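Scroll down for the structure; my scribbles are underneath it.
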Amino acid sequence: MTIEDNIQNLLSKREEAKLGGGLKRIESQHNKGKLTARERIDFLLDEGSFEEFDMFVTHQTNEFGLENQKYLTDGVITGHGTIDGRIVYVFSQDFTVFGGSLSQTYAQKICKVMDQAMKVGAPVIGINDSGGARIQEGVKSLAGYAEIFQRNIMASGVIPQISAIFGPCAGGAVYSPALTDFVMMSKENSYMFVTGPKVAKKVTGEDISTEDLGGPDVHAKKSGVAHFIAEDEEEGMLLIRKLLTFVPQNNLEDPIITECTDPIDRKDDLLNDIIPNNPNQPYNVRDIIYSIVDYSEFLEVQRHYAQNIVTGFSKMNGMPVGIVANQPNYLAGVLDINASRKAARFVRFCDAFNIPIITLVDVPGFLPGSAQETGGIIIHGAKLLFAYGEATVPKVTITLRKSYGGAHDVMGSKQLRGDINYAWPSAEIAVMGPEGAVEVLEGRKIAGIEDPEERQAYTKQKEEEYRKRFANPYDAASYGYIDDVIEPRNTRFRVIRALRTLASKKDTNPPKKHSNIPL
Ligand code: HXC
């Protein structure tokens with residue numbers, strides 16, 4: 001063969017690989033409204049930056065007629081490229097080859113990019129669209145999944161791992177995305193479950209659709225498995241690109257600070273009036289977030305799950321920050337099981353990747369009742385407490401209004417190594433609210449007052465006394481638990497100055513194998 005023949009041979013092999021399972025299956029993929037594995041990579045990465053590995057890999061199984069069905073790439077496209085010029089490793093499952101199902105060689109391809117991403121210290125993005133374990137490969141496929149899981153675990157907290165679910169993701173295969181930091185689902189064609197509708201029907205008798213069992217709505221609102229829901233695949237990939245702007249390449253680097261033209265001393269007079277006079281009246285804490293962060297830009301994480309707490313990323317004077325805020329607009333911002341789990345995981349992600357945490361507190365306490373107690377609010381609430389107490393990144397807490405009871409301690413309090421704790425003048429920091437306190441302390445006496453008017457007047461008077469004494473920021477400030485009481489309109493400037501001061505903060509935890517967070 002001449003050199004030219006050799007090159008021609010290479011080019012035709014490349015063309016063959018690019019066709020995956022063939023034109024007919026590509027058409028079928030498009031007809032479902034899905035992009036192909038390669039189109040997804042092209043959309044996700046900077047133009048022309050993708051370098052592919054293992055294009056010529058084929059499976060090694062010679063049973064069940066597979067010996068006559070070998071496709072170059074073997075159903076997963078792997079390699080690296082850049083996003084905004086920064087290196088990322090990717091794998092994209094190709095549904096046109098055996099339904100994207102995972103073989104031994106396919107798993108090896110994914111492991112190869114994960115191993116290299118760990119050595120280089122760069123994020124891994126996995127695009128999932130697969131029928132799960134390749135049935136013909138039996139236990140080799142199961143072993144392949146376990147190889148991937150092990151790498152997910154080792155990479156956790158070292159490099160950011162992001163999963164997009166743009167097709168089926170079923171059986172044990174769901175556990176690789178679940179082990180990663182963020183799961184993105186698209187509104188169409190995307191589902192995740194450990195056992196599908198048919199098995200569910202057989203085992204439990206439950207008749208349920210794919211959508212209702214593991215569609216994006218379920219995982220965004222009820223299970224909390226999905227962190228982001230995109231209208232379509234393109235939006236999903238743009239969201240991943242956006243997400244990466246807040247995140248460093250690995251745990252040894254800091255997030256990238258970008259230039260900011262939004263004035264750091266921008267005052268917002270509206271903030272001085274945002275807290276309603278009536279302490280029981282809600283407001284939207286997002287309005288405060290939008291007001292204080294750069295350009296009002298906030299990428300919310302798990303927006304539709306446990307809406308009583310808001311979590312997400314923003315920048316302050318160009319510095320990426322994680323924001324955790326109680327949401328008075330939803331269940332009065334109470335802490336419950338789901339809110340605790342949601343915020344704990346977010347805080348731990350920020351801490352693992354050196355992203356400062358800003359906490360906005362307006363919390364009436366933990367949600368009372370048997371449903372919460374039997375569901376384990378003790379253990380789940382402890383997760384959030386643990387996450388804050390363990391975090392060594394800069395932590396700036398602003399108490400906006402209520403900060404009562406155990407929830408006060410949990411939400412980034414001074415004693416959980418809060419670095420700078422501010423309060424607005426509207427803050428109420430105490431063991432409980434005036435109504436509850438008077439009920440406990442004066443209940444018997446109040447019950448003994450026969451005249452209803454007199455009883456009401458006495459109750460009001462006692463509540464007022466309590467409010468004056470405790471329901472304000474000054475009692476906490478008098479002990480130094482609050483560093484300063486600030487004017488709301490100055491919040492942006494004060495937080496940015498705090499972050500600047502804390503930029504060189506160093507704090508550590510005692511050496512140990514690992515902590516034993518209450519799981
Ligand atoms: C081998 C598979 C496959 C699989 C699909 N295909 N899943 N081949 N192993 N697991 C092939 C089909 O034979 C078909 O080949 C092509 O992929 C497309 O599949 P269709 O069924 O035509 O597509 P669609 O109608 O869109 O249905 C997609 C699907 C369905 C819902 C994913 O294929 C399905 O239910 N597959 C089986 C899913 C499953 O039970 N997997 C095992 C899960 S347990 P042709 O040649 O016709 O194009 C698991 C354990 C992991 O994964 C454990 C980890 C610890």
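In listed order, ligands and their atoms are each counted from 1. Computed from a prediction, not measured in an experiment: that's the story for all the values here.
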For this session: Could you walk me through whether F353 and F246 pass ring-ring contact (aromatic ring centres under 6.0 Å, His included), step by step?
Result: CA-CA 10 Å; F353 290 102; F246 299 103; over 10 Å; no
How about [atom]: does it have a protein heavy atom within less than 4.0 Å?
atom                    : value
atom 12 (C) of ligand 1 : no
atom 30 (C) of ligand 1 : no
atom 47 (O) of ligand 1 : no
atom 16 (C) of ligand 1 : yes
atom 33 (O) of ligand 1 : no
atom 25 (O) of ligand 1 : no
atom 21 (O) of ligand 1 : no
atom 40 (O) of ligand 1 : no

Problem set entry | Minimum side-chain heavy-atom gap L102-I148 below 4.5 Å | yes
Looking only at protein heavy atoms, which one is nearest to [atom], and what is the separation?
atom                    : answer
atom 23 (O) of ligand 1 : F95 CZ, 3.7 Å
atom 55 (C) of ligand 1 : F149 CE1, 3.8 Å
atom 45 (P) of ligand 1 : R25 NH2, 3.7 Å
atom 54 (C) of ligand 1 : Y145 CD1, 3.4 Å
atom 2 (C) of ligand 1  : F98 O, 3.5 Å
atom 9 (N) of ligand 1  : I135 N, 3.2 Å
atom 53 (C) of ligand 1 : L142 CD2, 3.6 Å
atom 44 (S) of ligand 1 : G171 CA, 4.1 Å

Would [X] count as being in polar contact with ligand 1, using the rule that some N or O on each side must be under 3.5 angstrom apart?
X    : value
A133 : yes
G99  : yes
Q69  : no
Y191 : no
G131 : yes
P168 : no

If we ignore hydrogens and angles and just use 3.5 Å, is the side chain of [X] paired with the main-chain N or O of [Y] as donor and acceptor?
X    : Y    : answer
T311 : V301 : yes
H227 : V183 : yes
S340 : L384 : no
E39  : T36  : yes
Y106 : G100 : yes
E233 : L35  : yes
E147 : Q108 : no
K505 : T392 : yes

Exercise. Would you say Y175 touches ligand 1, if touching means a heavy atom closer than 4.0 Å?
Worked result: no
For this session: Would you check if the distance from the ring center of F91 to the ring center of F53 is below 6.0 Å?
Result: no
Problem set entry | Centroid-centroid under 6.0 Å between F193 and Y191 rings | yes
Exercise. Can you list the ligand 1 atoms lying under 4.0 Å from a non-hydrogen atom of G132?
Worked result: 52 (O)
Problem set entry | Per-atom contacts, ligand 1 versus Q136 - under 4.0 Å to a heavy atom | 1 (C), 9 (N)
For this session: Over all heavy atoms of both residues, which pair between K395 and Y388 is shortest? Give the atoms and the distance, please.
Result: NZ-O, 2.5 Å
Exercise. Any ion pair linking E390 and K383 (charged N to carboxylate O, less than 4.0 Å)?
Worked result: no
For this session: State, without any angle test, whether S101 and S130 hold a side-chain donor-acceptor pair at a distance under 3.5 Å.
Result: no
